[in-house]
Amino acid sequence: MSGLTMRAVVITHAGGPEVLVVRDAARPIPGPDEILVRICASALNRADLLQRQGKYPAPAGWPADIPGLEFAGEVAECGSRARMWRTGQRVLGLVGGGAHAEFLVIHERAVAEVPEKLSWSEAAAVPEAFITAHDAMIAQAELRSGERVLIPAVGSGVGLAAAQLAQAIGAVAYGTSRTPDKIERARDYGIAEGAVVRDPIAELPRHTREWTDGSGFNVVLDLVGGPYAIAAVDALALKGRLILVGTVGGGRAELALGSVMSKRLTIRGTVMRARPLEERIIAVQKFATEVLPLFERGALRAVVDSEFPLDEIRAAHERLQSNATFGKVVVRMS
Ligand SMILES: NC(=O)c1ccc[n+]([C@@H]2O[C@H](COP(=O)([O-])OP(=O)(O)OC[C@H]3O[C@@H](n4cnc5c(N)ncnc54)[C@H](OP(=O)(O)O)[C@@H]3O)[C@@H](O)[C@H]2O)c1
(Lines give C-alpha, C1' and ligand atoms only; values in the text may rest on other atoms or scores of the structure.)
Protein backbone atom coordinates (compact mmCIF):
# COMPACT_ATOMS: atom_id res chain seq x y z
CA MET A 1 0.00 0.00 0.00
CA SER A 2 3.04 2.30 0.28
CA GLY A 3 3.50 5.27 -2.01
CA LEU A 4 -0.23 5.97 -2.37
CA THR A 5 -2.09 9.15 -1.61
CA MET A 6 -5.15 9.88 0.50
CA ARG A 7 -7.62 12.73 0.88
CA ALA A 8 -6.98 14.92 3.90
CA VAL A 9 -8.04 18.22 5.44
CA VAL A 10 -5.14 20.67 5.15
CA ILE A 11 -4.76 23.96 7.05
CA THR A 12 -3.33 26.18 4.30
CA HIS A 13 -2.55 29.10 6.67
CA ALA A 14 -3.84 30.54 9.94
CA GLY A 15 -7.39 31.87 9.81
CA GLY A 16 -11.12 31.07 9.76
CA PRO A 17 -12.81 27.94 8.35
CA GLU A 18 -12.09 29.21 4.80
CA VAL A 19 -8.37 28.30 5.18
CA LEU A 20 -9.29 24.59 5.26
CA VAL A 21 -9.07 22.61 2.02
CA VAL A 22 -9.53 18.92 1.28
CA ARG A 23 -6.77 17.68 -1.01
CA ASP A 24 -4.44 14.78 -1.73
CA ALA A 25 -1.65 14.11 0.75
CA ALA A 26 0.88 11.29 1.10
CA ARG A 27 -0.60 8.20 2.71
CA PRO A 28 1.44 7.37 5.85
CA ILE A 29 3.38 4.09 6.03
CA PRO A 30 3.27 2.05 9.26
CA GLY A 31 6.52 1.50 11.18
CA PRO A 32 7.32 -1.98 12.59
CA ASP A 33 5.14 -1.61 15.72
CA GLU A 34 2.41 0.43 14.05
CA ILE A 35 -0.82 -0.24 12.19
CA LEU A 36 -2.28 1.63 9.23
CA VAL A 37 -5.91 2.55 9.92
CA ARG A 38 -8.47 3.37 7.22
CA ILE A 39 -10.44 6.04 9.04
CA CYS A 40 -14.23 5.75 8.72
CA ALA A 41 -15.15 8.67 10.97
CA SER A 42 -13.43 11.27 13.12
CA ALA A 43 -14.69 14.11 15.31
CA LEU A 44 -13.85 17.74 15.95
CA ASN A 45 -12.29 19.32 19.01
CA ARG A 46 -11.63 22.83 20.27
CA ALA A 47 -7.92 22.14 19.67
CA ASP A 48 -8.65 21.76 15.92
CA LEU A 49 -10.22 25.23 15.89
CA LEU A 50 -7.24 26.72 17.76
CA GLN A 51 -4.74 24.95 15.49
CA ARG A 52 -6.57 26.34 12.43
CA GLN A 53 -6.30 29.83 13.95
CA GLY A 54 -2.54 29.40 14.37
CA LYS A 55 -2.82 29.44 18.19
CA TYR A 56 -2.07 25.78 19.01
CA PRO A 57 0.56 24.15 16.77
CA ALA A 58 0.68 20.37 16.47
CA PRO A 59 2.97 18.68 19.01
CA ALA A 60 6.34 17.45 17.71
CA GLY A 61 6.11 14.26 15.70
CA TRP A 62 2.56 14.80 14.40
CA PRO A 63 1.47 16.26 11.03
CA ALA A 64 1.84 20.05 11.20
CA ASP A 65 -1.00 20.90 8.82
CA ILE A 66 -3.51 18.01 8.99
CA PRO A 67 -5.74 18.42 12.09
CA GLY A 68 -7.84 15.77 13.83
CA LEU A 69 -7.28 14.17 17.23
CA GLU A 70 -9.52 11.11 17.28
CA PHE A 71 -10.76 8.42 14.95
CA ALA A 72 -12.63 5.18 14.43
CA GLY A 73 -11.71 2.94 11.52
CA GLU A 74 -10.55 -0.42 10.18
CA VAL A 75 -7.07 -1.89 10.42
CA ALA A 76 -5.77 -1.75 6.82
CA GLU A 77 -2.19 -2.98 7.28
CA CYS A 78 0.04 -4.15 10.16
CA GLY A 79 3.72 -3.24 10.61
CA SER A 80 6.34 -6.02 10.47
CA ARG A 81 6.42 -6.52 14.29
CA ALA A 82 2.75 -5.65 15.01
CA ARG A 83 0.91 -8.73 16.32
CA MET A 84 -2.15 -7.44 18.18
CA TRP A 85 -4.53 -6.78 15.28
CA ARG A 86 -5.56 -8.27 11.95
CA THR A 87 -6.81 -6.35 8.94
CA GLY A 88 -10.48 -5.44 9.02
CA GLN A 89 -10.74 -5.13 12.84
CA ARG A 90 -12.55 -2.03 14.10
CA VAL A 91 -10.41 0.23 16.26
CA LEU A 92 -10.62 3.69 17.81
CA GLY A 93 -8.08 5.97 19.41
CA LEU A 94 -6.45 9.33 19.98
CA VAL A 95 -3.63 10.97 18.04
CA GLY A 96 -1.75 14.26 18.29
CA GLY A 97 -3.01 15.22 14.79
CA GLY A 98 -3.71 13.83 11.34
CA ALA A 99 -7.13 12.20 11.93
CA HIS A 100 -9.06 14.40 9.49
CA ALA A 101 -7.85 12.24 6.64
CA GLU A 102 -8.58 8.84 5.10
CA PHE A 103 -5.64 7.06 6.76
CA LEU A 104 -3.31 7.35 9.75
CA VAL A 105 -0.63 5.26 11.41
CA ILE A 106 -0.53 4.61 15.13
CA HIS A 107 1.28 2.32 17.57
CA GLU A 108 -0.63 -0.95 17.81
CA ARG A 109 -0.95 -0.62 21.61
CA ALA A 110 -2.46 2.89 21.42
CA VAL A 111 -5.81 1.75 20.00
CA ALA A 112 -8.79 -0.11 21.43
CA GLU A 113 -11.43 -2.28 19.78
CA VAL A 114 -14.72 -0.55 18.89
CA PRO A 115 -17.65 -2.03 20.85
CA GLU A 116 -19.95 -3.96 18.49
CA LYS A 117 -22.94 -1.84 19.43
CA LEU A 118 -21.43 1.40 18.12
CA SER A 119 -21.81 2.72 14.57
CA TRP A 120 -18.80 4.42 13.00
CA SER A 121 -20.17 7.86 13.89
CA GLU A 122 -20.85 6.86 17.47
CA ALA A 123 -17.41 5.28 17.78
CA ALA A 124 -15.74 8.46 16.48
CA ALA A 125 -17.64 10.48 19.11
CA VAL A 126 -16.12 8.44 21.96
CA PRO A 127 -12.29 8.69 22.28
CA GLU A 128 -11.50 12.32 23.12
CA ALA A 129 -14.63 12.89 25.22
CA PHE A 130 -14.59 9.65 27.21
CA ILE A 131 -10.83 9.14 27.55
CA THR A 132 -10.41 12.76 28.70
CA ALA A 133 -13.32 12.52 31.16
CA HIS A 134 -12.24 9.13 32.50
CA ASP A 135 -8.57 10.07 32.81
CA ALA A 136 -9.21 13.51 34.36
CA MET A 137 -12.20 12.89 36.61
CA ILE A 138 -11.64 9.29 37.73
CA ALA A 139 -7.93 8.46 37.26
CA GLN A 140 -6.51 11.84 38.28
CA ALA A 141 -9.16 13.58 40.45
CA GLU A 142 -10.10 10.21 41.98
CA LEU A 143 -13.86 10.72 41.97
CA ARG A 144 -15.41 7.87 43.93
CA SER A 145 -18.85 6.36 44.49
CA GLY A 146 -21.05 8.59 46.67
CA GLU A 147 -19.05 11.76 45.96
CA ARG A 148 -20.36 14.88 44.22
CA VAL A 149 -18.85 16.28 41.04
CA LEU A 150 -19.63 19.64 39.41
CA ILE A 151 -19.37 19.72 35.60
CA PRO A 152 -19.57 23.20 34.03
CA ALA A 153 -20.42 23.21 30.26
CA VAL A 154 -22.13 19.88 30.85
CA GLY A 155 -23.58 19.83 27.30
CA SER A 156 -20.06 19.63 25.82
CA GLY A 157 -18.61 16.39 24.46
CA VAL A 158 -16.42 15.89 27.54
CA GLY A 159 -19.18 17.11 29.89
CA LEU A 160 -21.74 14.53 28.74
CA ALA A 161 -19.15 11.76 28.89
CA ALA A 162 -18.23 12.82 32.45
CA ALA A 163 -21.87 12.96 33.59
CA GLN A 164 -22.46 9.40 32.36
CA LEU A 165 -19.21 8.09 33.85
CA ALA A 166 -19.99 9.70 37.21
CA GLN A 167 -23.39 8.04 37.27
CA ALA A 168 -21.88 4.71 36.19
CA ILE A 169 -19.50 4.64 39.18
CA GLY A 170 -22.20 5.76 41.66
CA ALA A 171 -21.09 9.37 42.05
CA VAL A 172 -23.56 12.26 41.81
CA ALA A 173 -23.10 14.71 38.92
CA TYR A 174 -24.26 18.35 38.79
CA GLY A 175 -24.03 20.39 35.61
CA THR A 176 -24.18 23.98 34.43
CA SER A 177 -24.53 25.52 30.99
CA ARG A 178 -25.27 28.95 29.54
CA THR A 179 -27.97 27.29 27.40
CA PRO A 180 -31.22 26.17 29.15
CA ASP A 181 -32.02 23.45 26.62
CA LYS A 182 -28.66 21.73 27.25
CA ILE A 183 -29.45 21.38 30.96
CA GLU A 184 -32.79 19.73 30.19
CA ARG A 185 -31.18 17.33 27.71
CA ALA A 186 -28.26 16.55 30.06
CA ARG A 187 -30.69 15.13 32.65
CA ASP A 188 -31.07 12.18 30.30
CA TYR A 189 -27.29 11.58 30.57
CA GLY A 190 -27.07 11.29 34.31
CA ILE A 191 -26.96 14.70 36.01
CA ALA A 192 -28.87 14.79 39.30
CA GLU A 193 -29.33 18.57 39.15
CA GLY A 194 -28.44 21.29 36.71
CA ALA A 195 -28.79 25.04 36.29
CA VAL A 196 -28.25 27.77 33.76
CA VAL A 197 -25.18 29.71 34.90
CA ARG A 198 -23.78 32.65 32.96
CA ASP A 199 -21.80 34.34 35.73
CA PRO A 200 -20.30 31.54 37.88
CA ILE A 201 -18.80 33.81 40.55
CA ALA A 202 -22.18 35.41 41.24
CA GLU A 203 -24.46 32.43 40.64
CA LEU A 204 -22.64 29.23 41.67
CA PRO A 205 -22.62 29.83 45.45
CA ARG A 206 -26.42 29.64 45.60
CA HIS A 207 -26.58 26.39 43.60
CA THR A 208 -23.76 24.91 45.67
CA ARG A 209 -25.70 25.66 48.87
CA GLU A 210 -28.91 24.17 47.46
CA TRP A 211 -27.38 21.05 45.91
CA THR A 212 -24.85 20.14 48.61
CA ASP A 213 -26.45 21.54 51.79
CA GLY A 214 -23.49 23.88 51.93
CA SER A 215 -20.86 21.17 52.18
CA GLY A 216 -19.56 21.64 48.62
CA PHE A 217 -18.43 19.38 45.76
CA ASN A 218 -15.72 16.76 46.12
CA VAL A 219 -14.53 17.30 42.54
CA VAL A 220 -14.92 20.11 39.99
CA LEU A 221 -14.14 19.03 36.41
CA ASP A 222 -13.38 22.49 35.05
CA LEU A 223 -13.99 22.44 31.29
CA VAL A 224 -14.23 26.25 30.97
CA GLY A 225 -11.51 27.95 33.04
CA GLY A 226 -11.32 31.70 33.79
CA PRO A 227 -14.09 32.66 36.26
CA TYR A 228 -15.14 29.00 36.61
CA ALA A 229 -11.81 28.17 38.25
CA ILE A 230 -12.30 31.06 40.70
CA ALA A 231 -15.86 29.89 41.49
CA ALA A 232 -14.69 26.27 41.80
CA VAL A 233 -12.37 27.08 44.72
CA ASP A 234 -15.37 28.50 46.57
CA ALA A 235 -17.63 25.58 45.60
CA LEU A 236 -15.29 22.76 46.66
CA ALA A 237 -15.62 20.78 49.89
CA LEU A 238 -12.85 20.15 52.39
CA LYS A 239 -10.09 18.18 50.59
CA GLY A 240 -11.86 18.81 47.27
CA ARG A 241 -10.09 18.32 43.94
CA LEU A 242 -10.14 20.85 41.10
CA ILE A 243 -9.01 19.44 37.77
CA LEU A 244 -8.38 22.00 35.02
CA VAL A 245 -9.26 20.58 31.60
CA GLY A 246 -10.24 23.53 29.40
CA THR A 247 -9.76 27.26 29.01
CA VAL A 248 -12.54 28.05 26.57
CA GLY A 249 -13.77 30.71 29.05
CA GLY A 250 -10.36 32.18 29.88
CA GLY A 251 -6.76 31.15 30.52
CA ARG A 252 -6.17 33.25 33.63
CA ALA A 253 -7.78 33.31 37.09
CA GLU A 254 -7.00 34.93 40.43
CA LEU A 255 -7.59 32.18 42.98
CA ALA A 256 -8.35 32.67 46.68
CA LEU A 257 -5.20 31.01 48.01
CA GLY A 258 -6.40 31.21 51.61
CA SER A 259 -9.37 28.99 50.70
CA VAL A 260 -7.14 26.59 48.78
CA MET A 261 -5.02 26.23 51.91
CA SER A 262 -7.70 26.13 54.58
CA LYS A 263 -9.82 23.61 52.64
CA ARG A 264 -6.65 21.65 51.73
CA LEU A 265 -7.66 21.53 48.07
CA THR A 266 -5.77 19.77 45.31
CA ILE A 267 -5.50 21.63 41.99
CA ARG A 268 -4.08 19.98 38.91
CA GLY A 269 -4.11 20.49 35.16
CA THR A 270 -4.22 17.98 32.35
CA VAL A 271 -3.87 17.67 28.57
CA MET A 272 -4.18 14.62 26.33
CA ARG A 273 -2.85 16.00 23.02
CA ALA A 274 0.82 16.47 23.89
CA ARG A 275 1.28 13.29 25.95
CA PRO A 276 4.15 11.02 24.99
CA LEU A 277 3.32 7.63 23.49
CA GLU A 278 3.78 5.59 26.68
CA GLU A 279 1.36 7.78 28.69
CA ARG A 280 -1.12 7.75 25.83
CA ILE A 281 -1.01 3.94 25.75
CA ILE A 282 -1.62 3.73 29.52
CA ALA A 283 -4.68 6.03 29.30
CA VAL A 284 -6.13 4.12 26.32
CA GLN A 285 -5.56 0.66 27.87
CA LYS A 286 -7.16 1.73 31.17
CA PHE A 287 -10.08 3.16 29.21
CA ALA A 288 -10.41 -0.05 27.15
CA THR A 289 -10.62 -2.17 30.31
CA GLU A 290 -12.71 0.07 32.54
CA VAL A 291 -14.94 2.05 30.18
CA LEU A 292 -15.54 0.37 26.80
CA PRO A 293 -17.45 -2.62 28.31
CA LEU A 294 -19.98 -0.12 29.68
CA PHE A 295 -20.96 0.77 26.10
CA GLU A 296 -21.70 -2.88 25.37
CA ARG A 297 -23.92 -3.02 28.47
CA GLY A 298 -25.76 0.18 27.49
CA ALA A 299 -24.58 2.06 30.60
CA LEU A 300 -22.80 4.65 28.41
CA ARG A 301 -23.92 6.27 25.14
CA ALA A 302 -21.98 8.22 22.55
CA VAL A 303 -23.55 11.64 21.99
CA VAL A 304 -23.46 12.80 18.36
CA ASP A 305 -24.54 16.41 17.84
CA SER A 306 -24.15 16.42 14.06
CA GLU A 307 -22.31 14.71 11.17
CA PHE A 308 -20.51 16.25 8.19
CA PRO A 309 -18.79 14.61 5.21
CA LEU A 310 -15.07 15.36 4.94
CA ASP A 311 -15.76 17.76 2.06
CA GLU A 312 -17.88 19.91 4.39
CA ILE A 313 -15.13 20.36 6.98
CA ARG A 314 -15.59 24.15 6.96
CA ALA A 315 -19.25 23.79 7.97
CA ALA A 316 -18.21 21.33 10.70
CA HIS A 317 -15.79 23.92 12.15
CA GLU A 318 -18.51 26.59 12.05
CA ARG A 319 -20.91 24.28 13.87
CA LEU A 320 -18.43 23.59 16.72
CA GLN A 321 -17.41 27.20 17.18
CA SER A 322 -21.11 28.28 17.32
CA ASN A 323 -21.27 26.92 20.92
CA ALA A 324 -24.69 25.52 20.01
CA THR A 325 -23.55 21.88 19.98
CA PHE A 326 -24.74 19.17 22.38
CA GLY A 327 -22.21 16.35 22.24
CA LYS A 328 -19.77 15.74 19.39
CA VAL A 329 -19.43 17.03 15.83
CA VAL A 330 -18.52 14.00 13.69
CA VAL A 331 -16.64 14.05 10.37
CA ARG A 332 -17.40 11.11 8.00
CA MET A 333 -14.74 9.92 5.56
CA SER A 334 -17.13 7.86 3.46
N1 LIG B 1 -7.15 18.90 28.47
C2 LIG B 1 -7.52 18.08 27.50
O3 LIG B 1 -6.83 17.12 27.19
C4 LIG B 1 -8.82 18.33 26.79
C5 LIG B 1 -9.35 17.37 25.91
C6 LIG B 1 -10.58 17.63 25.32
C7 LIG B 1 -11.24 18.82 25.58
N8 LIG B 1 -10.66 19.74 26.39
C9 LIG B 1 -11.33 20.99 26.75
O10 LIG B 1 -12.50 20.64 27.47
C11 LIG B 1 -13.53 21.56 27.19
C12 LIG B 1 -14.72 20.79 26.64
O13 LIG B 1 -14.32 20.26 25.40
P14 LIG B 1 -15.42 19.71 24.39
O15 LIG B 1 -14.74 19.37 23.12
O16 LIG B 1 -16.22 18.70 25.07
O17 LIG B 1 -16.26 21.06 24.20
P18 LIG B 1 -17.48 21.38 23.24
O19 LIG B 1 -18.25 20.14 22.96
O20 LIG B 1 -16.97 22.17 22.12
O21 LIG B 1 -18.39 22.30 24.18
C22 LIG B 1 -17.90 23.47 24.74
C23 LIG B 1 -19.07 24.23 25.39
O24 LIG B 1 -18.53 25.11 26.35
C25 LIG B 1 -19.45 26.19 26.54
N26 LIG B 1 -18.70 27.43 26.50
C27 LIG B 1 -18.01 27.94 25.46
N28 LIG B 1 -17.45 29.11 25.79
C29 LIG B 1 -17.81 29.36 27.08
C30 LIG B 1 -17.57 30.43 27.98
N31 LIG B 1 -16.85 31.49 27.63
N32 LIG B 1 -18.12 30.35 29.22
C33 LIG B 1 -18.88 29.27 29.57
N34 LIG B 1 -19.15 28.24 28.76
C35 LIG B 1 -18.62 28.28 27.52
C36 LIG B 1 -20.47 26.10 25.40
O37 LIG B 1 -21.68 25.54 25.92
P38 LIG B 1 -22.79 26.49 26.64
O39 LIG B 1 -24.02 26.33 25.82
O40 LIG B 1 -22.92 25.92 28.00
O41 LIG B 1 -22.27 27.88 26.61
C42 LIG B 1 -19.85 25.12 24.43
O43 LIG B 1 -20.79 24.42 23.64
C44 LIG B 1 -12.96 22.58 26.22
O45 LIG B 1 -12.49 23.67 26.96
C46 LIG B 1 -11.81 21.83 25.56
O47 LIG B 1 -10.81 22.68 25.09
C48 LIG B 1 -9.47 19.51 27.00
Side-chain angles (χ1 to χ4, degrees), residues 42-51 53 55-56 59 67-70 94-97 99 124-137 139-141 150-165 175-186 189 191 194-204 220-232 242-253 268-275 279-280 283-284 287 302-306 316-331:
S42 179
L44 273 191
N45 285 282
R46 295 271 152 176
D48 300 317
L49 308 185
L50 292 172
Q51 185 177 352
Q53 291 163 359
K55 295 177 182 164
Y56 197 30
L69 300 176
E70 56 190 324
L94 292 179
V95 284
V126 164
E128 189 75 29
F130 281 88
I131 295 173
T132 301
H134 177 251
D135 176 79
M137 184 178 73
Q140 297 198 64
L150 176 68
I151 309 170
V154 72
S156 64
V158 180
L160 292 165
Q164 295 183 70
L165 283 167
T176 72
S177 169
R178 300 177 302 182
T179 311
D181 175 55
K182 292 187 190 178
I183 292 297
E184 288 317 308
R185 295 177 68 189
Y189 291 91
I191 58 167
V196 174
V197 168
R198 297 196 173 91
D199 178 348
I201 296 171
E203 299 168 55
L204 255 186
V220 176
L221 181 75
D222 186 2
L223 303 176
V224 182
Y228 286 80
I230 297 170
L242 167 59
I243 180 115
L244 301 169
V245 182
T247 53
V248 74
R252 290 185 179 274
R268 65 195 290 177
T270 187
V271 286
M272 290 304 301
R273 186 178 184 242
R275 283 198 202 173
E279 288 188 50
R280 222 171 246 278
V284 170
F287 160 81
V303 191
V304 176
D305 169 81
S306 46
H317 274 235
E318 280 161 9
R319 173 74 190 158
L320 187 66
Q321 69 191 29
S322 72
N323 286 326
T325 53
F326 183 82
K328 298 287 296 185
V329 175
V330 166
V331 181

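Just so you know, ligand 1 is whichever comes first in the structure, and atom 1 is the first atom listed for that ligand. Numbering starts at 1 and runs along the sequence shown. Both backbone and side-chain heavy atoms feed into the values below; hydrogens, waters and symmetry mates do not.
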T176 versus ligand 1: do any nitrogen or oxygen atoms come within less than 3.5 Å of each other? no

Could you list which atoms of ligand 1 come closer than 4.0 Å to a heavy atom of L320? 20 (O)

Measure the CD-CZ distance between E184 and F326 for me, rounded to the nearest 0.5 Å. 10.5 Å

If we only count N/O pairs under 3.5 Å, is Y228 in contact with ligand 1? no

Nearest-0.5 Å distance, CG of residue L165 to CG of residue D135: 11.5 Å

Heteroatom distance test (A153, ligand 1): nitrogen or oxygen, under 3.5 angstrom: no

Regarding atom 5 (C) of ligand 1: of the candidates R275, E128, M272, which has the closest heavy atom? E128

State the OG1-CG distance between T325 and N323, to the nearest 0.5 angstrom. 7.0 Å

N/O to N/O below 3.5 Å, does that happen between T179 and ligand 1? yes

Check: T270 N/O within less than 3.5 Å of ligand 1 N/O: yes

Closest to atom 11 (C) of ligand 1 by heavy-atom distance, out of V196, N323, V197, L223, is L223

Checking contacts here: is it the side chain or the backbone of K182 that comes within 4.0 Å of ligand 1, counting heavy atoms only? Could be both or neither. side chain

Considering R178, E70, R198, which one's heavy-atom position lies nearest to atom 26 (N) of ligand 1? R178

Pairs of nitrogen or oxygen atoms closer than 3.5 Å, one from G157 and one from ligand 1: do any exist? yes

First locate atom CE of M137, then atom CG of L221, and finally report the distance between them rounded to the nearest 0.5 Å. 6.5 Å

Main chain of T179, side chain of S177: is a donor-acceptor contact present, judged purely on distance under 3.5 Å? yes

In terms of residue, atom name and distance, what is the protein heavy atom nearest to atom 47 (O) of ligand 1? R46 CB, 3.6 Å

Could you grab the distance from atom CG of L320 to atom CG of D48, nearest 0.5 Å is fine? 8.0 Å

Looking only at atom types and distance, does a side-chain atom of R198 sit under 3.5 Å from a main-chain N or O of R178, one as donor and one as acceptor? yes

Nearest non-hydrogen protein atom, atom 16 (O) of ligand 1: V158 N, 2.7 Å

I want to know if ligand 1 touches V245 in the polar sense, i.e. an N/O pair below 3.5 angstrom. yes

Please say whether S177 places an N or O atom under 3.5 Å from an N or O atom belonging to ligand 1. yes

Per-atom contacts of ligand 1 with T132, taking only distances under 4.0 Å to non-hydrogen atoms: 4 (C), 5 (C), 6 (C)

Which residue holds the protein heavy atom closest to atom 18 (P) of ligand 1, what is that atom called, and what is the gap in Å? S156 CB, 3.6 Å

Rounded distance (nearest 0.5 Å) linking atom CZ of R280 with atom CG of L94: 6.0 Å

Would you check if there is a donor-acceptor pair between the side chains of R46 and T247 at a distance under 3.5 Å? no

